[in-house]
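Quick caveat, the model's predicted, so the values are computed rather than measured.
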Amino acid sequence: MNRTSKAGILVGSGMLFVIVWEIRSALGLLVGIDTNPQLYMLLTLAIVGLTAFALAIGLIGVTPETPADEDTS
Amino acid sequence: MSGENTVREIGHDEFDPYGTLALILIYFAILSVMWVFMYFVEFLGNDLTVLA
Amino acid sequence: MNIHNYEKLWLVLAMVMIIGFISTVVYGATAVGIEMVNDEGGTIDSTALEEDDRFAEPRVERVGDNEYEAYVVARQFIFEPDPIEIPANSTLTFYVTSPDVIHGFEVVGTNANAMVIPGEVTELTVELNEPGEYGILCNEYCGGGHHTMEGKLIVQPEDEFEQGGNDE
Amino acid sequence: MSEQLESGAPTFLDDYPKEAAVVKAALWSSFIALALGAVFGVIQALHRTNILRLIDSTDYYTVLTAHGVLMVVSFTIFFLVGLFTWATVRSFDRGVESIRYTWTWYGLMVAGTLMAVVAILGGFVPQTDISADVLFTFYAPMQAHPLFYGGLTIFVIGTWLAGADWFWSWRAWKAENPDERIPLQAFMVLTTMLMWYIATIGIAIAVVVFLLPWSLGIFDQINPLLTRTLFWFWGHPVVYFWLMPAYLLWYTVLPTISGGRLFSDPLARGVFVLFLLLSTPVGIHHQYVDPGIAEGFKVIAMTNTMFLLLPSLLTAFTVVASVEHGARQRGGTGLFGWLRALPWRDPAFTGMMLAGLMFAAGGFSGMINAGMNINYLIHNTIWVPGHFHLTVGTAVALTFMAATYWLWPQLTNRRLFSRPIALAQVVIWFVGMGLMSNAMHVMGLFGVPRRTAEPQYEGFEFVTSFGSITELRLQLAIGGTLLFISTVLFVSNIALSAGAPKLSGLGKPLSEPLSGAHDSPEILDNLKLWFGIAFVLVVLAYSLPLASIISRGGVLGPGVDPVPMIIEPLGATLEPLVASLQPLLGRLAAVVGGVGA
């Protein structure tokens with residue numbers, strides 16, 4: 001099964017959220033497109049949520065050959 | 001010397017960090033584009049240029 | 001010394017970028033003609049502004065055809081004169097000083113942005129083409145009422161300015 | 001009493017129990033400052049965005065002063081001295097020369113901090129004449145209570161003595177190992193401290209020669225441009241003083257926890273030498289729009305600043321390459337696929353990587369700040385705090401927190417209370433800062449000022465090119481709240497770890513660099529040479545501007561009177577000063593004596 005670890009989903013979702021939301025500022029400043037904030041936030045959450053869900057059920061993403069997680073502390 | 005999860009040892013001479021190179025070239029491109037945008041559009045395109 | 005080729009490549013690119021940044025700034029300073037606030041405004045006794053020709057009475061003065069000078073005092077927590085009124089299509093030189101603490105002088109949303117330091121005179125020249133109104137705010141913390149320190153710059157249409165009349 | 005782990009190495013606590021106690025004390029001082037700073041931080045985030053105003057707007061500046069001083073002086077520098085003590089002892093593999101001396105400098109730093117904090121928090125108590133609402137930059141002629149300047153002085157003296165402690169260890173080690181290269185971590189500690197000794201000349205002169213006697217009423221005029229320039233003489237290199245411990249961790253700890261080895265030891269040394277050389281002769285770039293400084297000096301500062309980008313850009317490559325090495329050793333493949341093979345479940349690893357990612361973004365806004373004329377666009381707007389919340393507020397702070405997750409078990413022989421909470425904590429910080437600093441940068445471009453309780457004016461409104469100021473304020477407030485939650489999670493996780501059972505064998509040895517010290521030219525280790533060059537560069541960059549400022553306005557100012565940020569005049573100042581010093585000195589004596597005994 002191609003499953004991504006819970007930790008990977010959490011970290012990836014955090015990064016994806018920030019990146020997608022920052023794109024709104026980039027669109028506004030660079031291209032001058034004024035997106036609706038509520039709509040854009042909903043869109044961001046939807047993208048992040050769907051990606052996380054897809055990762056969780058193994059629709060997308062593959063685990064590396066070795067387990068990526070171990071205890072280091 | 002390496003962690004428990006090492007599946008292979010890679011020495012200095014056999015290691016080409018091409019992934020790093022790719023990432024850093026992307027960073028370089030972003031920085032260049034953003035700089036040009038910030039300087040020429042946001043700054044020089046802004047009102048009230050200070051002349052003296 | 002064992003430096004990987006990719007690392008050398010990045011070193012070169014980083015240097016190119018740094019030189020590119022410096023070149024852009026030099027281009028702005030020379031070709032576009034953007035000057036930095038500098039030491040040409042001179043010094044002043046900040047405890048005796050009322051004895052100074054320029055700052056005893058903060059005002060806007062016409063010094064040429066389309067040239068004006070504004071003598072501005074930034075003090076806790078006001079700008080004088082307020083508003084600063086000027087006709088469109090003119091060149092305006094701000095002379096700003098402070099009798100108390102360090103202030104900021106920012107024409108909101110524009111590049112006219114400088115520090116005001118007691119004992120020094122900040123000199124800043126800008127071109128004002130279109131009629132309109134700008135806010136002025138203090139952007140350096142100057143005491144408990146800092147957030148109330150604001151002023152206004154009004155660029156009037158040329159014909160209206162003559163009628164509205166200034167102190168002359 | 002302790003359960004033996006099967007394949008564990010001894011920890012720092014096992015090998016150096018006395019030093020581990022100092023390191024722990026320093027880190028706790030750091031975390032207490034962080035927790036307090038975070039409380040003040042969230043109050044500001046909610047206040048200036050007009051979401052929730054718990055305090056009077058005048059008190060906002062007391063809160064802001066406390067936030068600034070606690071975060072960038074106490075939190076960062078206490079962490080630094082703890083980490084550097086660990087790094088020096090670990091990499092020389094020898095204890096400190098005198099533990100009593102080590103506790104002395106720590107005690108001085110604590111005493112200095114308490115004095116400054118008492119002076120600042122006095123601003124909330126109208127009954128006292130103690131107050132220091134002068135912000136972290138304490139620009140004269142705004143005047144704080146002498147306790148504030150005195151506290152800063154004692155704190156800085158503490159850091160000087162701390163540096164001397166590490167040089168002392170170096171001398172002792174060198175006598176026994178005359179032909180060996182300085183271990184990498186110790187090299188980083190020593191070059192950073194040399195930079196600090198040069199940088200603190202500025203603040204020492206500003207505070208000891210001018211501000212402290214002036215606040216005591218010994219003279220009543222001051223040259224504000226001079227003290228301001230001296231402040232920035234120190235004020236820029238201090239950001240590298242915050243950053244260098246993070247770099248030390250990225251270079252020496254991050255490769256190991258990613259499963260790899262540092263790509264290049266010589267390059268790491270070269271980077272620290274560059275920081276020693278270039279960190280100080282750049283401070284005038286904070287004064288690009290100041291009157292009284294000729295444009296030529298500003299151009300010099302800009303050129304130096306731009307070249308100061310180089311060591312950071314090199315670091316980006318070397319550190320990422322080291323992490324890639326780890327990923328590939330763990331079986332990662334592909335152009336980007338290796339990123340998936342990294343230990344993202346490890347909060348220490350993830351925290352440092354997210355910190356590094358934010359630093360890349362903060363690097364960009366820093367480049368804009370460094371560009372001389374483009375500075376008009378963003379000078380003193382909220383863009384600037386947006387920038388440094390990415391650098392010191394994330395690259396440094398998040399790396400420190402992440403490193404604590406790795407280091408703390410080795411200092412206490414106890415596991416972390418909860419690794420999942422730790423992982424969530426670093427991700428929450430990342431998301432919170434993403435929102436907050438994004439909003440700050442964007443608002444800065446629209447002209448919204450920094451350092452103000454109520455950025456809402458009567459005569460005009462800010463014009464936005466997209467979105468609205470209301471939305472950006474909300475974004476800032478949500479981000480700030482997430483950061484506060486993240487801090488609470490961090491501090492409580494560490495505090496609760498005290499309840500975990502004692503284990504042995506939690507030690508984590510560090511991996512050796514791929515290209516080791518033997519590859520780097522001997523000259524890199526010639527600290528006297530680099531110190532000399534750095535000093536000459538500072539003299540070249542600063543002698544003329546300072547001479548010009550003094551010849552224009554005089555040493556004691558072109559007629560500028562003090563403006564005390566104090567309710568009562570300074571007449572009866574000395575008495576409360578002495579009175580407030582006594583318990584502190586007593587406590588210091590108790591700390592030093594109690595621990596030394």
Side-chain angles (χ1 to χ4, degrees), chain C residues 1-4 6-7 10-11 14-15 17-18 21-22 24-25 28-29 34-39 41 43-48 76 100-102 104 106 108-123 133-135 137-147 150-152, chain D residues 57-58 61 135 139 141-142 223-225 228 264 266-267 288-295 298 302-303 306-307 309-310 313-314 317 367 371-373 376-377 379-381 446-447 449-455 457-460 462-463 515 519-521 548 552-553 557-561 563 565:
Chain C
M1 197 99 162
N2 204 341
I3 295 185
H4 195 279
Y6 291 173
E7 216 157 6
W10 175 240
L11 182 66
M15 287 300 280
M17 187 159 67
I18 288 169
F21 290 161
I22 296 176
T24 325
V25 172
I34 302 160
E35 245 189 71
M36 299 311 295
V37 174
N38 56 28
D39 57 348
T43 56
I44 190 167
D45 183 347
S46 67
T47 53
Q76 288 175 330
D100 40 49
V101 298
I102 295 182
E106 174 187 329
V108 180
T110 77
N111 294 337
N113 183 353
M115 301 303 300
V116 184
I117 299 178
E120 298 282 345
V121 177
T122 303
E123 186 187 332
E133 281 190 21
Y134 298 93
L137 61 78
C138 170
N139 62 15
E140 184 55 82
Y141 167 65
C142 58
H146 166 57
H147 46 274
E150 62 173 294
K152 214 169 210 186
Chain D
S57 280
T58 339
Y61 304 103
L135 306 195
Y139 295 136
M142 279 197 291
N223 182 339
L225 182 59
R228 177 179 161 86
S264 167
L267 215 87
Y288 280 147
V289 298
D290 275 20
I293 299 178
E295 185 160 356
K298 295 176 178 174
M302 175 193 68
T303 316
M306 288 296 185
F307 281 103
L309 291 173
L310 191 64
L313 292 169
L314 290 177
F317 187 96
M367 289 165 191
M372 186 175 69
N373 35 36
Y376 278 128
L377 180 64
H379 179 81
N380 267 358
T381 66
F446 301 148
R450 66 188 287 197
R451 303 184 142 178
T452 179
E454 297 178 15
Y457 293 84
E458 285 173 7
F460 61 92
F462 295 103
V463 182
S515 163
D519 275 339
S520 61
S548 151
R552 289 165 63 84
V560 179
D561 289 335
V563 180
M565 296 287 116

Practice item. Name the region of D/L377, side chain, backbone, both or neither, that has any atom closer than 4.5 Å to a heavy atom of chain C. Key: both
Practice item. Kindly say whether C/G143 contributes a backbone atom to a donor-acceptor pair with the side chain of C/Q76 at under 3.5 angstrom? Key: no
Exercise for review: Say whether, by atom type as modelled, one donor and one acceptor occur between the side chain of C/N139 and the main chain of C/E106 under 3.5 angstrom.
Suggested key: no
Review point. Can you tell me if D/E295 and C/N38 form a side-chain donor-acceptor pair at under 3.5 Å?
Key: no
Practice item. Could you tell me which portion of C/E7 (side chain, backbone, both or neither) has an atom closer than 4.5 angstrom to a non-hydrogen atom of chain D? Key: both
Check your understanding: Quick one: what part of D/M302 sits under 4.5 Å from any heavy atom of chain C, side chain, backbone, both or neither?
Key -> side chain
**Study point:** Residue selection (most heavy-atom pairs with chain C, distance under 4.5 Å) from D/T381, D/T303, D/T452
**Key:** D/T452
Exercise for review: Using non-hydrogen atoms and a 4.5 Å limit, figure out which bit of D/Y288 sits close to chain C: side chain, backbone, both or neither.
Suggested key: both
Review point. Out of D/P449, D/P455, D/A294, D/S548, which one racks up the most heavy-atom pairs below 4.5 Å with chain C?
Key: D/A294
Exercise for review: Return the set of residues passing side-chain contact (heavy atoms from CB on, under 4.5 Å) with C/T24 (not counting sequence neighbours), or none when no residue passes.
Suggested key: B/W35, B/Y39, B/F40
Check your understanding: Relative to the ring of C/H147, is the ring of D/Y61 parallel (under 30°), tilted (30 to 60°) or perpendicular (over 60°)?
Key -> parallel
Check your understanding: Which bit of C/V108 is near chain D, if near means a heavy-atom gap under 4.5 Å: side chain, backbone, both or neither?
Key -> side chain
Practice item. Measure the acute angle between the ring planes of D/F462 and D/F460, then classify it against the limits of 30° and 60° as parallel, tilted or perpendicular. Key: perpendicular
Exercise for review: Would you mind telling me which of C/A112, C/C142, C/G135 has the largest number of heavy-atom pairs within less than 4.5 Å of chain D?
Suggested key: C/G135
